[in-house]
Amino acid sequence: MALGQTGVVCEHRLDPADAAWLRAMGLRPNARVRVCRRGEPCIVEVLPTAGGDGDGCALADCCCRIGLARPLADRVMVSAAPA
Amino acid sequence: MTMARASKPVTGLERVPPAVLRVALLGNPNTGKTTLFNRLSGLRHHTSNFPGTTQDARVGVMHGTAGAVHLVDLPGVYSLELEQTEAELCRRVLAGTLAPAGQAAVAPDAVCIVVDSTNLARNLVLVGEALRRRLPTVVVLNMMDLARRRGLGIDTAVLERVLGCRVISASARSGEGLDTLGVLLEAAAVPNVTPPGSQEGLEDWADELAGAASSGTAGRSRTGGVTDRLDRALTHPVGGVLVFAVVMFALFWSIFSLAQLPMELIETVFGAVSAWVQAALPSGVLGEFLSGGVVNGIGATVVFIPQICLLFFLISLLEDTGYLARAAFVMDRWLRPFGLSGHAFVPLLSSHACAIPGIMACRAVPDRRDRLATILVAPFMSCSARIPVYVLLAVVLFPNNAVHKALAFTGCYVAGLLAGLFSALLARRTLLAGAARPMALELPGYKLPSVRTALMTAYDRGLMFLRKAGTNILAICIVLWWLSAYPRSEPPPRAAELRRQAEVSPADAQTLNDEADALTARSALSHSFAGRMGRAVQPAFAPLGFDWQLTVGVMTSFAAREVFVSTMTVLVTGHDDSEGEGILTELAGAKRDDGVTPIFTPATSWALLVYYVLAMQCLPTLAVTAREAGGVKWALLQLGWMSLLAYAGGWAAFLIAGGGS
């Protein structure tokens, strides 16, 4: 995904502990994310699903930012939202 | 924007508050829970632990209308359901099967859940999990000032209706909205709602509730652009490392330079007290014990306090800015091949000042195996206590070459680091098998740090060090003093003769008496238990070229490395003025019992240098390892492995330097 692009977490190939950890941090299936940094580390902003308007969301500042080491980021599949 | 409070109390199972209300503080990491705890309890708190765990238990007291309110600061967790030490601890405290040391294990009278107002949906998942526990609950929407600045509004009435408990909006940093918290906690009732049981159901419930209770401006995040740019710069493979190097240099420069004055002051005060005790009491065992054992022992403990407080103060400031989370990622890619995570870097760097705060800083490493590996290798980093030994041996090996001395010094630091990384790799391939857990970390927003929180952290850590490690260090110092001072022996005949000469020759009395004192001290140490043990153990160190005097130096410095130079000074010159001018030269030229062979031959000096780079030689560190790692076995493993490496390395260095020929 390109820098700044948003998408939806569709699947992952993580071990259960890592999956539970990411899920608890907000990176769960169907979570909307925006790519803030690619590579090592990969940084994504988890956008709230409530009040979403397709581009950003109603509460654009109401989100959290998660850094992922590459081995983890490589196992999280995100489908890009249409531009 | 609406932030209305419910006009009437939420209904629920009303109750009469007990005389002492026990409240558990629960919340996600980075929600300002600790800031709230500090704000509510101030200095009226103490740190113990949860029995059977290495987790700190911070218990504070705030005044309610009906009496004292005891606050227990639980570790920050994203979910109570995670298979994680911190989550399990929270579950047990809420279930009433675990309580801070000294308190009865019963369920808390109320739960105060701290929520980050700027990240409501995710935080509400934890609220839902807590509500399932059916405990009287109050929810604090923290950081509302920040939320307002971002144009966010939260309707507390909606939240109260759905959650079935009281909800207040507040700012722990400014104290806004906290006036009524005590009253609300005393009146807290068991919520009359039960959130969905499944994780998916709970997440949907939290999303819907956050959407219903929140209002705000539409559009792209206004802080996102700046934060994105900062994140990219601070985690850049090259730029990020450079920034990190500068920040860490500034951190450690501050620790060494700012701590210098208070440390000198502490040493001066304890030196004066020791002298006063010696002068005030009649000469004898009691005076020597109090002066040499107790006062000097306490002084040796307290002298570390400025460094420890400064380290934790500065780390707390850095953490509060949001930078430390980014720095962890910078180092993660360097440390991961050795089985360590990025979280390990600050503890390892801290260990260059002193391994004790470094090991204590390992609490920030979330994964247990990563944390244990970091604790085990932290003492390989060259701490400040090794410096006197490095200086002495550099002078012995390269008396006239400053460049070679500097290279030897640098080599010691590099060798320690490499030994630590190698040991970590070995540990992760054997005992703590498995790769370092790839990092996934929430990156909190950038903000100005709270000096108040940093001061409280420094105070807390300093007090904890004094209470726990201090008792161990004091005990060690007393034992070491006793071993070096007993059994008493008669002064050597030469000393008696010098004193007689001093009586008849007043002009030279000072010099003669000093010489007699030196001979007496050397003889006393030689005949002491420590001296006898040195002679008995010397054959074990013979392969490294150590004579009995070096063996005594190594043995007495088993408690603390820096003791080596002062012990050698006493043995060689008879006094412990290790700061004296020319003392290093005097030590460098000292001879063995045959009067011909130097104590410090080049081969022996190399062996000794390698030995001190790798050896544990610090009992207080072992005590802290046992406590932080959760068992004496880890301390024994650390001692055994480092001693083995040190001995083998010293032996190899001795042979390579031509000592065997």
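Values reported hereafter were calculated over all heavy atoms of this structure, with side chains retained and with hydrogens, waters and symmetry mates removed. Within every chain, numbering begins at 1; the chains are lettered A, B, ... in the order of the sequence lines, protein sequences first and strands thereafter.
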Q: Heavy atoms only, distances under 4.5 angstrom: which of Gln199(B), Glu200(B), Arg122(B), Glu81(B) has the most pairs with chain A? Name it, please.
A: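 Sorted descending by pairs with chain A, the first entry is Arg122(B).
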(Q) Among Leu82(B), Asn28(B), Asn30(B), which residue has the highest count of heavy-atom pairs closer than 4.5 Å to chain A? (A) Leu82(B)
Looking only at heavy atoms and a cut-off of under 4.5 Å, which of [options] has the most pairs with chain B?
options                      : value
Cys42(A), Pro41(A), Gly26(A) : Pro41(A)
Gly67(A), Ala73(A), Ala69(A) : Gly67(A)
Pro29(A), Pro71(A), Ala24(A) : Ala24(A)

Distance alone, cut at 3.5 Å: any donor-acceptor contact between the side chains of [X] and [Y]?
X         : Y         : value
Asp231(B) : Tyr446(B) : yes
Ser341(B) : Arg336(B) : no
Asp116(B) : Thr31(B)  : no

(Q) Can you tell me which portion of Leu3(A) sits under 4.5 Å from chain B's heavy atoms? Options are side chain, backbone, both or neither. (A) side chain
Q: Side chain from CB out, backbone as N, CA, C, O: work out which of these in Leu68(A) comes under 4.5 Å of a heavy atom of chain B, or both, or neither.
A: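 For Leu68(A), backbone and side chain are both near chain B.
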Q. With a 4.0 Å cut-off, would you call Arg65(A) and Glu442(B) a salt bridge?
A. no
Q | For the student: nearest non-hydrogen atoms of Leu74(B) and Cys90(B), plus distance | A | CB-SG, 3.9 Å
(Q) Whether Arg326(B) engages the ring of Phe244(B) as a cation-pi pair (distance to the six-membered ring centre under 6.0 angstrom, angle to the ring normal within 45°) should be assessed. (A) no
